[in-house]
Undergrad: 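The structure that follows is given in the form of structure tokens.
All heavy atoms count here, side chains included; hydrogens, waters and symmetry mates do not. Quick caveat, the model's predicted, so the values are computed rather than measured. Here is the naming used below: chain letters follow the sequence lines, and residue numbers restart at 1 for every chain.
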Amino acid sequence: MSASQDELSFRNAIREAIDEELAADSDVIFFGEDVAEAGGVFAVTPGLRDKYGDERVFDTPISELALSSAAFGSAVAGLRPIVEIMFADFLFLAMDSLVNQSAKYWYLSNEQKSIPLVVRSAVGGGIGFGPIHSQVPISWFLGVPGLKIIAPSTANDAKRLLKAAIRDENPVLFFEHKALYATTEVREELTGQEILGKARIVREGSDITLVSCMKGVADCLEAARLLSEIGISAEVLDLRSLRPMDNEMIQSSFSKTKSLLVVEEGPITGGWAGEVISIANEVNNDGMKLWRIATEDRPIPFSPALENEFYPSATTIFESVRERHAR
Amino acid sequence: MSASQDELSFRNAIREAIDEELAADSDVIFFGEDVAEAGGVFAVTPGLRDKYGDERVFDTPISELALSSAAFGSAVAGLRPIVEIMFADFLFLAMDSLVNQSAKYWYLSNEQKSIPLVVRSAVGGGIGFGPIHSQVPISWFLGVPGLKIIAPSTANDAKRLLKAAIRDENPVLFFEHKALYATTEVREELTGQEILGKARIVREGSDITLVSCMKGVADCLEAARLLSEIGISAEVLDLRSLRPMDNEMIQSSFSKTKSLLVVEEGPITGGWAGEVISIANEVNNDGMKLWRIATEDRPIPFSPALENEFYPSATTIFESVRERHAR
Amino acid sequence: MDTLKANLELFEKMVLIRTFEETVQSLFQKGAIVGTTHLYSGQEAVATGFASALQPQDLVAATYRGHGHALATGVTPQSLMDEMLGRLTGVCGGRSGSMNVIDLEHRLIGCFGIIGGSIGAATGAAIALARRNGVAIAYFGDGAINQAYFYECLNFAAVRKLPVIFVCENNLYGEYTPWEDVTAGQIRARAEALEVKSETIDGNDVWAVQKAALASFDYARNGNGPVFIEALTYRFVGHSRSDPGKYRKPGELDAWKLRDPLIIARKRLVDEFSFSPQEVDAAEAGVKKRMEEVREQSLKAPSPGLKKLGSEFMELKRTGGGGA
Amino acid sequence: MDTLKANLELFEKMVLIRTFEETVQSLFQKGAIVGTTHLYSGQEAVATGFASALQPQDLVAATYRGHGHALATGVTPQSLMDEMLGRLTGVCGGRSGSMNVIDLEHRLIGCFGIIGGSIGAATGAAIALARRNGVAIAYFGDGAINQAYFYECLNFAAVRKLPVIFVCENNLYGEYTPWEDVTAGQIRARAEALEVKSETIDGNDVWAVQKAALASFDYARNGNGPVFIEALTYRFVGHSRSDPGKYRKPGELDAWKLRDPLIIARKRLVDEFSFSPQEVDAAEAGVKKRMEEVREQSLKAPSPGLKKLGSEFMELKRTGGGGA
Ligand SMILES: Cc1ncc(C[n+]2csc(CCOP(=O)(O)OP(=O)(O)O)c2C)c(N)n1
Ligand SMILES: Cc1ncc(C[n+]2csc(CCOP(=O)(O)OP(=O)(O)O)c2C)c(N)n1
Ligand SMILES: [Mg+2]
Ligand SMILES: [Mg+2]
């Protein structure tokens, strides 16, 4: 907001990213509830409608399913929509289109067309918004092949990653933690295009890896500071991209520190932390004695030739056990 | 189907469970698309409308959100609805009501009223139904506090568990694997009321634990047979309840076999298998060096007094690391 | 006499709601209430009028702008104010907050933070209420009629002939957006297209509302199916705590303030129902004084301890019913 | 001459669709096609009539009952049949199957297995098409009008004045349920309530459909906003492969068979467009022979190898656009 020239607030980072991408490519459009005339309920997008006109930046009815599906259709037909679903708690209303339309299109169409679509949504609690306006629905989308999930922790990353999301050819859920909007950072020069799917080590350490994202990263940094005072050296890993997850960086950090704690803002059962544990665990015991088999990360194919091989079967189970137990 | 007297097909097990519960309690009602007049697209519920009348068993418009929300409201007002969402792939359209209404009501109302509601839905592939009619949306609901998820693998269990689900005071997603409908079992006498949340060891073994549910259980049993031929003794665990998960049984079996493989029909990333791994892992390394902290399994409370303590913080992270690293 | 008293009570109820909202607003500004709130000021006649037609077995579903609906339905100001402050003594023990209040003892199924949620809840409740001669009522805004819930449930209720009253409070805006900018056609036409009995009413005159309410409850209770009411009204305050308010058309607020439901009611009490201005003033003062006490007590109410976190599930098992 | 030829082509297209469906049916019964199929037999005039008014830049979204829409739009029978069989040479490489066909080269955004999905897709496509003078068309059934997608998108399209044509094929049933049992009011009234230009047409006379289609495309293309068409028609076959079919009213099927779009077209070709019965027979025989060949070739087409599983993401990165 009133950050100085060389400061960047998280809120402005988002606006700048959208602004720059709207300017760079006339196929980019942006719509949502109260985003245009009013500039968004979190005051993130003022001025964009006036700058780019109602054809490219517009307010919509309160129709989350129509929003997400209209975005999908417009992407099929060549546009690069950015949609705001005000609170991520409302995403369930839009979920059918995201999961059954956008996420599957590239694969189902036999790679005729991908869906470059960004859904921005505010997540997270800690500010008294209560049970239906504070959720972090990451885990509920984590198992959707074809969807990317981005969740930045800092202003510069927010800008970098949102720009990358808009330029990505795939559907991306972009989560903005409400408690971060007002945070600021010294502005960094953005060079090149960020690649979605890479985590970031925000603090190096040797005794334990703390893994988190969004607001949790600051908590981990503060915990790391406290830990250093009692002689424990913590490495802090900011996932940034929940899907795809940076398995490599998780595993290499865990290989180094031999201890790893995941910090998630969300229910422990069925959360994304379990996914991180499973990934790290492959290092822990060399993948030997605690592992999973499932289908590959893509939609279920129709062709019997493909479908029959798609699922785990008695044979694949047998082979997998034989192989690991032979080691 | 044409099973003999002492045989029970999975399909009939479902119908019998609904039939018996409709008979036992006039507050039980059952509705969905084409379930009444036509008896369901999977021919599971013929005859029930004629037996109990249109007030208690009825066909609905193709309005999944209205279905699930009407079920919610009817439960608030004292009924015990069973709803069929034909294919679980359509659940996303109903998800807002399930997640934001039914699953949270007990907690949010400060325990004024729970929502005894069952959503039945057909899942799974392997029979050429393609990408939008074969999904297993377990992992997408696994992180929803207040929701139970049941997924039987056999006819007798289907009947037992569906009856228990209808009698449970909480919202339950009840998944029926399409490939199981025609399977049969020798009919068992059902005694007492099943408790939701308990897994079942369907085969004892000492070298490895195979964990699965639904159709995967038969695959695991067959794999176990093959493994026994090469001298590996496999224990097979049928989860039956995905939420709550039977942590105890998973951990005790893993403690015994020291090897555990989870077999999931669904994408490996973000699946429920990761949750099982995380639970088993707590045994593996004594919870020492690979663990997670997150919020407890309940909706986010409003009161600042509650919310402030609800989330992980620098302090809880610090304390958790200190404690584990002291061991 | 009774009718006269009831008429004065309608006024008192509206004063209560207005005063409650003003108290919330001031506590919010002081930081005693956190998060966000959506006040009902200006729309009091709608909830008050409809609530006056409720019977004991009826049920109510409202929105995040639900303090008025809650109070009108019978939720006590104390338990509601305590909830606003997140106290243990709040109607939901502090778990719910402003947007999600539930009070079944007082017929309130809930206030729903998701637009349209109230509509689904009431539709479902009506399935149960049809068995016991009850009616469910759903309140929602002009913005909600573009939401899936509205349309699917209106059709569902119509097809099943459910006893539910759909009350669309058209206050001209959904957040900062004028309804006509995002809505095709006229609001009532949507219900008419489904051949649902429909009416547009003056939502600022509590007796006009009451009249429509009585007719609607009658109609629904007698098995004729749902009713749709468009109540024309206006909110005097911002959409929520952070409302820029730039969207109001010039003069619009002032014009509506002349039609303040409290002013209209006061005038009718004096002109038509033979109350003296002094009697009305006294009633108003009485309510305000009580709200003062409520406020003081709320500020002293205990916070929930962490042991009150509770469980995600109801653990009790049901007994009875047929054997396995 | 050209018009005459075009008229015969409409007939040929419909014969193609009918024959395609009969071939699918027989392959299904033989087990060569697995899963499920939803045939378009009886409704051919709707897709054929509308497709005849498409321009190259237009786009089409259809349903799981989409073979007819796909063929009418220009998807080749060979690639479509190969897809039915799950072959590598299928229009989606065997990944999609009967319910989810996509062929952008031939303007087909997709067939959508989720009821109402086509409506959302076309609405969105229209946002893009408005920039290049194109129109999107969504096909869906009578059952779909009770789905969230329909209503939210119809309003969205109307408010944004999008060039999209909503074609509701009212074939009297959604699966086994008569539309009037689950639908309040008349279908077209819903669009009229949103002040969307609307019309009910005879969906079994391809020229009646064509006339409405031309007018609709014109209207939408000229920036007047969406159009809603209710096309009255009937499906001659079961809902899907496992349809008990008990729901049909007595005599209903027979009555509609008299209004078979192929019979109507044949009659008009002879009576009004001066074709001889022999010419029409020859055209029909030609199409059937081609379908025979398609069938044979499909059965010989290769299955996708496992290497063709592909990736969930498009990996290519876009270049160009402004710098970071
Ligand atoms: C599904 C959903 N979408 C968006 C919101 C955010 N939101 C809260 S209030 C509101 C405007 C609602 O307008 P209206 O229905 O007219 O009710 P009013 O606030 O005027 O009483 C919006 C968009 C929400 N709570 N739920
Ligand atoms: C969201 C959703 N709900 C239910 C279904 C299952 N289903 C497939 S076709 C059908 C009936 C559709 O009827 P209608 O829209 O009239 O189309 P028709 O089949 O008659 O062409 C249903 C309920 C589905 N595919 N998607
Ligand atoms: Mg409003
Ligand atoms: Mg139909």
Undergrad: Between B:Glu189 and chain C, with a heavy-atom cut-off of 4.5 Å, which part of the residue counts as in contact: side chain, backbone, both or neither?
TA: neither
Undergrad: Looking only at heavy atoms, what is the nearest atom pair of C:Arg131 and B:Ile29, with distance?
TA: NH2-CG2, 3.5 Å
Undergrad: So which atom in C:Ala121 and which in B:Phe72 form the shortest heavy-atom distance, rounded to 0.1 Å?
TA: CB-CE2, 3.7 Å
Undergrad: Restricting to non-hydrogen atoms, name the atom on C:Phe313 and the atom on B:Lys148 that form the minimum distance, rounded to 0.1 Å.
TA: CE2-CG, 3.5 Å
Undergrad: Quick one: closest heavy-atom pair of B:Ser114 and C:Met314, and the distance?
TA: OG-SD, 3.1 Å
Undergrad: Counting only heavy atoms not in B:Glu185, do more than 12 sit closer than 6.0 Å to its CD atom?
TA: yes
Undergrad: Tell me, for C:Ile114 versus chain B, whether the close heavy atoms (under 4.5 Å) come from the side chain, the backbone, both or neither.
TA: side chain
Undergrad: Working to the nearest 0.5 angstrom, can you tell me the gap between B:Ile62 CD1 and C:Asn155 CG?
TA: 10.5 Å
Undergrad: Is the count of non-hydrogen atoms from other residues, nucleotides or ligands lying under 6.0 Å from C:Gln57 atom CD greater than 12?
TA: yes
Undergrad: When only pairs under 4.5 Å are counted, which of B:Ser74, B:Pro244, B:Pro301 shares the most heavy-atom pairs with chain C?
TA: B:Ser74
Undergrad: Output yes when B:Asp54 and C:Arg160 qualify as a salt bridge under the 4.0 Å nitrogen-oxygen rule, no when they do not.
TA: yes
Undergrad: When you measure from the side chain of B:Gln101 to the backbone of C:Gly117, do you find a donor-acceptor pair of N or O atoms at a distance under 3.5 Å?
TA: yes
Undergrad: Let me know if C:Leu104 has heavy atoms under 4.5 Å from chain B in its side chain, its backbone, both or neither.
TA: both
Undergrad: Is it the backbone or the side chain of B:Asn170 that comes under 4.5 Å from a heavy atom of chain C, or both, or neither?
TA: side chain
Undergrad: Please assess C:Phe112 against B:Asn100 for the test side-chain contact (heavy atoms from CB on, under 4.5 Å), listing each intermediate value before the final yes or no.
TA: CA-CA 9 Å; C:Phe112 290 85; B:Asn100 282 330; over 6 Å; no
Undergrad: Apply side-chain contact (heavy atoms from CB on, under 4.5 Å) to the pair C:Met99 and B:Phe302, showing each step before the final yes or no.
TA: CA-CA 10 Å; C:Met99 290 194 274; B:Phe302 161 71; over 6 Å; no
Undergrad: When you check the gap from the basic side-chain N to the acidic O, do B:Arg243 and C:Glu312 get nearer than 4.0 Å?
TA: yes
Undergrad: Are more than 12 heavy atoms, taken from residues, nucleotides or ligands other than C:Gln55, located less than 6.0 Å from that residue's CD atom?
TA: yes
Undergrad: Roughly how far, to the nearest 0.5 Å, is CG of B:Leu93 from CD of C:Glu152?
TA: 7.5 Å
Undergrad: Any heavy-atom pair between the side chains of C:Val159 and B:Phe58 that's under 4.5 Å?
TA: no
Undergrad: Could you report the tightest heavy-atom contact between B:Tyr107 and C:Ser311, atom names first, then the distance?
TA: CD1-O, 4.0 Å
Undergrad: Between CD1 of C:Ile102 and CG of B:Leu108, what distance do you get to the nearest 0.5 Å?
TA: 5.5 Å
Undergrad: Please name the pair of heavy atoms, one in C:Leu85 and one in B:Pro304, separated by the smallest distance, quoted to 0.1 Å.
TA: O-CD, 4.5 Å
Undergrad: Pick one of side chain, backbone, both or neither for B:Ile115, based on which atoms fall under 4.5 Å of a heavy atom in chain C.
TA: neither
Undergrad: So, taking the atom named OH in C:Tyr149 and the one named CG in B:Leu65, what distance separates them when rounded to the nearest 0.5 Å?
TA: 4.5 Å
Undergrad: Look up atom CZ in C:Arg95 and atom OG in B:Ser303, then write down how far apart they are to the nearest 0.5 Å.
TA: 11.0 Å
Undergrad: Counting heavy-atom pairs under 4.5 Å to chain B, which of C:Ile119, C:Leu59, C:Asp103, C:Asn100 comes out on top?
TA: C:Asp103
Undergrad: Can you tell me how far apart CG (C:Leu88) and CG (B:Leu306) are? Round to the nearest 0.5 Å.
TA: 9.0 Å
Undergrad: For the candidates C:Ala128, C:Ala157, C:Ser98, which exhibits the highest count of non-hydrogen atom pairs separated by less than 4.5 Å from chain B?
TA: C:Ala128
